[in-house]
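Worksheet: the structure to be examined is printed underneath.
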Amino acid sequence: MPELPEVETVKETLKRKLINKVIEDVNVYYERIIEFPDVESFKKMIKNQKIKDINRRGKWLIFELDDYYLLSHLRMEGKYIYRKVSEPLSKHEHVSFNIGNDTELRYMDTRKFGKMHLVIKEDLLTRKPISELGLEPWDKDLNISYLKNKYKNKKLPIKTVILDQSIIVGIGNIYADEILFLSKINPYKKASELSNDQLLNIIKYTKFVLEKAIKLGGTTIKSYESSEGVHGKFQNELLIHGKQKEECPNCNDIIIKVKIGGRGTYYCPTCQKDSN
DNA sequence: GTGCATACCTGAATGC
DNA sequence: TGCATTCAGGTATGCA
């Protein structure tokens, strides 16, 4: 399940092999992956473009080409793999980029949730999806007054609001639980009712958790590998997520699992009391 | 603008 | 054993 740390890991591994490669051709086997523009235009535009750099914004991978940016969101299970051109397509490979030397970069996604956009360079910051994104966790503008302002009308539980990519980017369901646990905040607490100290903790532990996860190469849950053979190690460090019925590492009370905003949510009823 | 439900997908786990 | 149901989860969209 790629969240920001996984995408960061993928970006770094892709960079090593793809910089200065030319996309000689592209095949799209499942058209819904291509969100913008239409598939025919996408194929025409991307042909013969060189990959100059690869960056990340939130959970989006940004391939800088000669004339465009290719944006790729892995959603839950997307990954990139390298294959010989002659190698038969496996069931879950939906887009392939021929990068020369008999090699293809293939986009693989069991659940077909991933999306790609191809935008002209000057449009990157002004059109969706990049224009809708909030601050990176390390942005110097991420402070109490920013969060106070963004949260002031949010009557939804903080668990839901912390996942809102238009406020802070990169936090997914797993890290949301970890951040709230470390911040000792009850996941049901309304975002608008958080104290300054609690907002400060969210900022502090968002950075802490994501930095640590990046260092460890992300989290490998179920079958997710960020790239072929790349397994994250952060799952060994998870304190609360997925630990239903186990003891809280802090107070030894039993961790419970609930559903908030449709998301599986793990928390410690003692460390993260209702009043918090 | 806000909050909620639903759609998009597949495969694994669970229930009967 | 086999079939049906539930769950996992990021984001877009439509509706009240």
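Predicted model only: the values in this text are computed from it and were never measured. Order of the sequence lines fixes the chain letters, A, B, ..., with proteins taken first and strands second; residue numbering starts at 1 for each chain.
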**Report entry** A:Y107 and A:H94 aromatic ring geometry - parallel, tilted or perpendicular at 30°/60° bounds
**Finding:** tilted

Query - Residues A:D164 and A:S166: side-chain donor-acceptor under 3.5 angstrom - result: yes

Report task. Please work out which residues in residues 149-163 of chain A have a non-hydrogen atom less than 4.0 Å from an atom of DNA chain B and list them by number. Result -> A:N153, A:K155, A:L156

Report summary line: Taken to the nearest whole Å, NZ/A:K115 to C1'/C:dT13 is 12 Å

Query raised in the report: Out of B:dG11, C:dG10, C:dT13, which nucleotide sits closest to the side chain of A:K91?
Result: B:dG11

Report task. Let me know the distance between CD1 of A:I168 and P of C:dG10, rounded to the nearest Å. Result -> 15 Å

Query raised in the report: Does C:dA8 have OP1 or OP2 sitting under 4.0 Å from an N or O in the side chain of A:K259?
Result: yes

Requested in this report: Check the pair A:E77, A:L74 against side chain to side chain contact (heavy atoms under 4.5 Å, CB included), reporting the backbone distance first and the verdict last.
Outcome: CA-CA 6 Å; A:E77 308 201 358; A:L74 307 173; over 6 Å; no

Report task. Kindly assign one of parallel, tilted or perpendicular to the pair A:Y80 and A:F97, based on the angle between their ring planes and the thresholds 30° and 60°. Result -> tilted

Query raised in the report: Does a side-chain N or O from A:H92 land closer than 4.0 Å to OP1 or OP2 of B:dG11, or not?
Result: yes

Requested in this report: Send over the distance from A:I167 CD1 to B:dT2 C1', rounded to a whole Å.
Outcome: 12 Å

Query - The single option from A:V161, A:N201, A:L200, A:L199 passing side-chain contact (heavy atoms from CB on, under 4.5 Å) against A:L194 - result: A:L199

Requested in this report: Give a yes or no on whether A:K50 atom NZ has more than 12 heavy-atom contacts from other residues, nucleotides or ligands under 6.0 Å away.
Outcome: no

Query - Cation-aromatic face contact A:K17/A:Y82, 6.0 Å, 45 degrees - result: yes

Report task. Please determine, for the side chain of A:K257, which listed nucleotide (C:dG10, C:dA8, B:dG11) has the closest atom? Result -> C:dA8

Query raised in the report: How is A:R263 classified with respect to the nucleic acid when contacts are heavy atoms under 4.0 Å: base, sugar-phosphate, or nothing?
Result: base

Report task. Measure the distance from CG on A:L71 to P on C:dA12 and round it to the nearest whole Å. Result -> 12 Å

Report task. Give the rounded distance in Å between these two atoms: CG of A:L74 and P of C:dT11. Result -> 11 Å

Report summary line: Regarding the side chain of A:P129, the nearest nucleotide among C:dT13, C:dA12, C:dG10 is C:dA12

Requested in this report: May I ask you to verify if any side-chain N or O of A:K112 is less than 4.0 angstrom from the OP1 or OP2 atom of B:dT10?
Outcome: yes

Query raised in the report: Is there a side-chain polar atom (N or O) of A:Q165 under 4.0 Å from OP1 or OP2 of C:dT11?
Result: yes

Query raised in the report: Is it the case that more than 12 heavy atoms not belonging to A:K44 sit under 6.0 Å from its NZ atom?
Result: no

Requested in this report: Using atom CD of A:E77 as one end and atom C1' of B:dA12 as the other, report the distance to the nearest whole Å.
Outcome: 11 Å

Report task. State, to 0.1 Å, how close A:L156 and A:T160 come at their nearest heavy-atom pair, and which atoms those are. Result -> CD1-CG2, 4.0 Å

Query - Strand DNA chain C in bracket notation, Watson-Crick/G-U under 3.5 Å with | for pairs to another chain - result: .|||||||||||||||

Query raised in the report: Under 4.0 Å between a side-chain N/O of A:H73 and OP1 or OP2 of C:dT11, yes or no?
Result: yes

Query raised in the report: Hey, does A:G172 reach any base, or is it just sugar-phosphate, or nothing, if we go heavy atoms under 4.0 Å?
Result: sugar-phosphate

Query raised in the report: Do we see A:F113 stacking on the base of C:dT11, given a limit of 5.5 Å between centres and 30° between planes?
Result: no

**Report entry** A:H241 NE2 - C:dC7 C1' separation (whole Å)
**Finding:** 12 Å

Query raised in the report: Can the positive tip of A:R32 be found less than 6.0 Å from the middle of the six-membered ring of A:F113, inside 45° of the ring normal?
Result: no

Report task. Figure out the CD1/C1' separation between A:I33 and C:dT11, and round it to whole Å. Result -> 14 Å

